[in-house]
Amino acid sequence: MKIHTMMGRLAGGIALAMQMFSGDAATAQGFLKADGKRIVNEKGENILLRGIGFGGWMLQEGYMLGVYAEGQQYRIRERVEELTSKQQADEFYAAWLKNHTTKADIDSLKAWGFNSVRLPMHYNLYTLPVDKEPVAGKNTWLDKGFAMTDSLLAWCKANQMYLILDLHAAPGGQGNDLNISDRDPSKPSLWESEANQAKTVALWHKLAERYANEPWIGGYDIINEPNWGFSDLKNDKNGTGEKENKPLRKLMMDITTAIRQVDKKHIIIIEGNGWGNNYNGVLPQWDNNMVLSFHKYWNYNDEASIKHIIDYRDKYNIPAWLGETGENSNVWFTQAISLLEKNNIGWAWWPLKKLGGNNPLQVRNNPAYEQVQRYWRGEGLKPDAATAYKGLMQLAANTNIKTNIVHHDVIDAMLRQPSTKVTKPFAANRLNKSLTINAVDYDLGTNGYAYFDTDTADYHVSTGKSTAGNKGGAYRNDGVDILKADDGGIYFVSDIEDGEWLQYTVDVLEKGNYSIKVKVAGNNEAAVSALNGTTTIIKNVSLPVKDGSQKWQEVTLGKVTLNKGANHLRILADKGGFNLSQIIITKN
């Protein structure tokens, strides 16, 4: 999947214990298999896959590292070598592969409530490129990729989680969205080279032979997001309008034949052209243990958005699985998962971690690497080799879950919120005489229950207009705008509009009368109310924030009576146009 090329897509140790939903997914009973329109285990029990894609581990995509031009991994590596040296580039990539994904990641996913992992594989960790083979037509097998996969499988088995193997970067590259397959356009693509196709088939034969008797391998996702215009490459370079897809069907059939020579048990997962959604000419399926995968980004989460997949599932009596989705707000995540699970469609989110916060884990940046980023973007001077090396090695170290930022709001939106409107405290707000609450620590829950915001997600594939959801892209991933103070201070809620509100669960130790203040700044004459539950306790207090500056002012809203125990305090913008940093509650 990738962030800047999706406009052309079809519409179509560190652990927070989270509730695991239903009996569909927890314990394996033999190999997964296709049973009509369902994925089941060997006892015939329905299995609803709830998973995460490990994008960025074996295959870097530029946007995950804050690189937005020529983001193929081979180009990133060339830049790293240009700034440092080949030896130091080798050290960086060795550290990256070692730190990015560990058993602690899998342990955490299990504790949170996920039951599966999708591994995006780069072929060059398993075999040499065709143009570097010592003997043309022969395959040199590399230990690195197989050893990494073995380790990941062992961690998944220990946690009773399914591992789905996904060929994300095929030999030569499978499309014109270059980043997702690390494609070098100066060389023959997968579709332009029989040698690349033969190596792809041989790799799947090798993988299937190795894992044929592993029931915790959930399936083989044989080609990720093909996007190639077979009939009209000039005008339809990503294959969204392709009518026949004959080369795609043929190659996937050849891969299937190679797999079935050594493995009769595992599910084979197929993806259509046009980033996994164009199935023209691909179906009907040619194997009795096959699953149809589709990918879904930035469109509405209504029945119409998945109708084409439901229609294929019904017509061909084949299970459907959403193999990749994400890169949006928590609102979008909750909507999508509710839609999918209502239709018995499992899913794998993208990705687990990267620079940026709209995923369960966030990789921390560092000042030296920020210099590298600015240089690569053409916005700053070239850093010296020592600075670049320091920044890159710190970045690689920061990919480890021990240093990641855990976004509990994202996890909650994916695993709890799709099935409930009940809110939960984001922070333990215990009021004993006085309490200061950071505005950004409003409750966990869905829009309209934990908070209300008018711009909550990015639906640009459906609307043609990108909207930010969280305009600041900081701290949390809900439909609430959050910025960080320019001086590097606290996070605050920004751009509050008319009618928007935030709810805070306050655990009051002693019933009594309390004064409430808010710390605000802004550029309009604003009015705010505070409500406890459904009872208005303060109404239409004007906020003197007309000067347009970011100067924070404490404004008293008034006095209220709070009961002992949990109080649900809402701060409501009767008239918006202000920012909010804190709520201060003091006993009279």
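FYI, the numbering just counts along the sequence from 1.
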Q. Rounded to the nearest 0.5 Å, how far does NE2 of His122 lie from CE of Met148?
A. 11.5 Å
Q. Is the backbone of His407 close enough, under 3.5 Å, to the side chain of Asp412 for a donor and an acceptor to pair up by distance?
A. no
Q: Evaluate whether atom NZ of Lys517 has more than 12 neighbouring non-hydrogen atoms of other residues, nucleotides or ligands under 6.0 angstrom away.
A: no
Q. How would you list, by chain and number, every residue that makes a ring pair (Phe, Tyr, Trp, His ring centres under 6.0 Å) with Tyr93, sequence neighbours excluded?
A. none
Q. What's the spacing between Trp347 CH2 and Ile52 CD1 if we round to 0.5 Å?
A. 6.5 Å
Q | ring pair (Phe, Tyr, Trp, His ring centres under 6.0 Å) evaluation trace for Trp552 with Phe492 | A | CA-CA 11 Å; Trp552 294 106; Phe492 61 91; 5.1 Å; yes
Q: Could you list the residues that satisfy ring pair (Phe, Tyr, Trp, His ring centres under 6.0 Å) with Phe333, not counting sequence neighbours?
A: Trp349
(Q) Going by salt bridge (Lys or Arg N to Asp or Glu O under 4.0 Å), name the pairs with one or both residues in residues 426-439, residues two or more places apart or in two chains. (A) Arg430-Asp507, Lys433-Glu510
Q. Of the non-hydrogen atoms in Gln362 and Gly357, which two are nearest, and what is the gap between them?
A. OE1-CA, 3.5 Å
(Q) Holding to salt bridge (Lys or Arg N to Asp or Glu O under 4.0 Å), I want the full list of residues that pass it with Lys157, two or more places apart in sequence or in another chain. (A) Glu214
Q.
When you compare the side chain of Ile585 with that of Leu562, does any pair of heavy atoms fall below 4.5 Å?
A. yes
Q: Would you list the pairs meeting salt bridge (Lys or Arg N to Asp or Glu O under 4.0 Å) in which at least one residue belongs to residues 466-479, sequence neighbours left out?
A: Arg476-Asp478
Q: Measure the CG-CD1 distance between Asn277 and Ile306 for me, rounded to the nearest 0.5 Å.
A: 12.0 Å
**Q.** Test side chain to side chain donor-acceptor pair (under 3.5 Å) applied to Arg374 - qualifying residues, sequence neighbours left out
**A.** none
Q: Check whether the side chains of Lys559 and Asn588 place a donor and an acceptor atom closer than 3.5 Å, and report yes or no.
A: no
Q. Is the closest side-chain donor-acceptor distance between Asn330 and Asp409 under 3.5 Å?
A. yes
Q. Does any N or O in the side chain of Asn359 come within less than 3.5 Å of the main-chain N or O of Gly356, such that one atom is a donor and the other an acceptor?
A. yes
Q.
Over 60° means perpendicular and under 30° means parallel, so tell me whether Tyr369 and Trp376 are parallel, tilted or perpendicular.
A. perpendicular
(Q) Quick one, Trp321 and Ile164 - any side-chain contact, counting heavy atoms below 4.5 Å? (A) yes
Q) Without hydrogens or angle criteria, can the side chains of Asn366 and Glu370 be said to hold a donor-acceptor pair below 3.5 Å? A) no
Q: Would you mind reporting whether Ile496 and Asn579 have side-chain heavy atoms less than 4.5 Å apart?
A: no
**Q.** Non-hydrogen atoms of Pro360 and Pro351 that approach each other most closely
**A.** CD-O, 3.7 Å
Q: Would you please name every residue forming a side chain to side chain donor-acceptor pair (under 3.5 Å) with Asp458, sequence neighbours left out?
A: His460
(Q) Quick check against the 3.5 Å criterion: does Asn470 have a side-chain atom that pairs as donor or acceptor with the backbone of Gly479? (A) no
Q | With Lys103 via salt bridge (Lys or Arg N to Asp or Glu O under 4.0 Å) - residues at least two apart | A | Asp107
(Q) Under the rule for salt bridge (Lys or Arg N to Asp or Glu O under 4.0 Å), what residues qualify as partners of Glu303, not counting sequence neighbours? (A) Lys342
Q: Quick one: pull up CD1 in Ile584 and OG in Ser581 and give me the separation to the nearest 0.5 Å.
A: 7.5 Å
Q. Can we say Asp498 and Lys575 salt-bridge, meaning some charged N sits less than 4.0 Å from an Asp/Glu carboxylate O?
A. no
Q: Please round to the nearest 0.5 Å and tell me the distance separating atom CD1 of Ile571 and atom CD of Gln503.
A: 11.0 Å
Q: Would you confirm whether Thr420, through its side chain, and Val422, through its main-chain N or O, come within 3.5 Å as a donor-acceptor pair?
A: yes
Q. Can you list the steps and then say if Gln373 with Asn365 is a side chain to side chain donor-acceptor pair (under 3.5 Å)?
A. CA-CA 10 Å; Gln373 287 178 301; Asn365 211 332; 2.9 Å; yes
Q: Give a yes or no answer on whether the side chain of Ser434 reaches the backbone of Thr586 with a donor-acceptor pair at less than 3.5 Å.
A: no
Q. Step by step, would you call Thr561 with Asn513 a side chain to side chain donor-acceptor pair (under 3.5 Å)?
A. CA-CA 4 Å; Thr561 299; Asn513 296 320; 2.7 Å; yes
Q.
Quick test of your reading of the model: are Lys296 and Glu324 salt-bridged, counting only N-O distances below 4.0 Å?
A. no
Q: Indicate yes or no: at least one non-hydrogen side-chain atom of Ile401 is less than 4.5 angstrom from one of Thr102.
A: yes
**Q.** salt bridge (Lys or Arg N to Asp or Glu O under 4.0 Å) against Lys307, all qualifying residues, sequence neighbours excluded
**A.** Asp311
**Q.** Asn404 and Lys353 side chains, donor-acceptor separation under 3.5 Å
**A.** yes
Q) Using a distance-only test with no angle check, is there a side-chain donor-acceptor pair under 3.5 angstrom linking Thr387 and Gln371? A) no
Q: Identify the residue among Trp350, Trp57, Phe54 that makes a ring-ring contact (aromatic ring centres under 6.0 Å, His included) with His168.
A: Trp350
**Q.** Closest approach of Leu435 to Val506 (non-hydrogen atoms, all atoms of both residues)
**A.** CD2-CG1, 4.0 Å
Q | Output field: ring centroids Tyr162/Trp216 closer than 6.0 Å | A | yes
**Q.** Straight-line distance of Leu109 CG to Leu352 CG, nearest 0.5 Å
**A.** 5.5 Å
**Q.** Expected output: side-chain Tyr504 to main-chain Ala439 donor-acceptor under 3.5 Å
**A.** yes
(Q) With salt bridge (Lys or Arg N to Asp or Glu O under 4.0 Å) as the rule and sequence neighbours excluded, what pairs involving residues 435-457 come up? (A) none
Q: Please confirm whether the backbone N or O of Tyr68 pairs with a side-chain atom of Arg377, one donor and one acceptor, at under 3.5 Å?
A: no
Q: Tell me yes or no: between the side chains of Tyr389 and Gln394, is some donor less than 3.5 Å from an acceptor?
A: no
Q | Ser305 (side chain) donor-acceptor with Tyr300 (main chain) under 3.5 angstrom | A | yes
Q: List in chain and number order the residues that pass side chain to side chain donor-acceptor pair (under 3.5 Å) with Asp481, two or more places apart in sequence or in another chain; answer none if no residue qualifies.
A: none
